[in-house]
Amino acid sequence: MSDPNPDVSRVRQLLGLRRAALKERHEGVERDLARSNDPLAADSSDRAIQLENDETLLAIDEAARQEIAAIDEALQRLDMGLYGICKRCNGRIEAARLLLVPQAVVCAGCLA
Ligand SMILES: [Zn+2]
């Protein structure tokens, strides 16, 4: 697929790469979690560490899943020709913000 606007195809590529990296992280975490479902250690402090690790993994996983969802939404808006337009106020999302957060779908004003 080719976009007439070079900026849009660059963003699409950027988001695609970011999404792939997140997906990889998500799958890695799932693997780690599956392994940590091994029987819990008999020692209670070992057990506490195991459970704490699981919690950290789950938090990382949750963050990755949320970001993937955000990227999917940004890609969807990109397909609709709405990339860079705030979905709340329909204003332009600041260029600096998009540079920092290419998957942003609301402007800084609406985020506040
Ligand atoms: Zn806005």
Side-chain angles (χ1 to χ4, degrees):
M1 195 195 303
S2 74
D3 281 302
N5 185 341
D7 259 10
V8 166
S9 60
R10 191 186 53 82
V11 166
R12 193 188 297 278
Q13 189 184 22
L14 195 78
L15 289 174
L17 287 172
R18 179 90 185 123
R19 194 186 191 288
L22 285 164
K23 193 128 185 21
E24 213 164 282
R25 189 198 296 172
H26 168 68
E27 282 162 3
V29 167
E30 299 277 294
R31 272 196 300 275
D32 285 354
L33 278 174
R35 197 161 41 237
S36 65
N37 282 340
D38 291 341
L40 285 174
D43 182 84
S44 69
S45 63
D46 283 352
R47 201 158 55 219
I49 291 169
Q50 280 178 321
L51 291 173
E52 211 171 294
N53 283 344
D54 276 7
E55 246 166 71
T56 308
L57 284 173
L58 283 171
I60 292 171
D61 199 30
E62 181 58 25
R65 279 196 296 123
Q66 278 178 13
E67 201 172 336
I68 288 172
I71 288 174
D72 283 346
E73 188 178 8
L75 284 170
Q76 214 172 43
R77 290 182 67 77
L78 203 142
D79 285 339
M80 296 188 294
L82 294 173
Y83 184 75
I85 306 292
C86 174
K87 72 170 180 180
R88 298 232 181 109
C89 70
N90 284 321
R92 283 224 149 266
I93 300 176
E94 302 76 7
R97 175 162 160 69
L98 284 175
L99 213 60
L100 220 63
V101 191
Q103 69 269 35
V105 291
V106 292
C107 71
C110 289
L111 200 66

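Start at 1 and go down the list; that is how both ligands and their atoms are numbered.
- Taking a cutoff of 4.0 Å between a charged side-chain nitrogen and a carboxylate oxygen, E27 and K23 qualify as a salt bridge.
- For the side-chain hydrogen bond (donor to acceptor under 3.5 Å, both in side chains) test, no residue two or more places apart in sequence or in another chain qualifies with Q76.
- Using a distance-only test at 3.5 Å, with no hydrogens or angles considered, a donor-acceptor pair links the side chain of R97 to the main chain of V106.
- Distances shorter than 2.8 Å separate the Zn ion (ligand 1) from the protein N/O/S atoms C86 SG, C89 SG, C107 SG, C110 SG.
- V105 is not connected to V11 by any chain of hydrophobic side-chain contacts under 4.5 Å among Ile, Leu, Val, Met, Phe, Trp and Tyr, and they are in different clusters.
- Contact check for L40 versus L51: side-chain heavy atoms found under the 4.5 Å cut-off.
- Judged by distance alone, the side chain of R47 and the main-chain N or O of A42 form a donor-acceptor pair under 3.5 Å.
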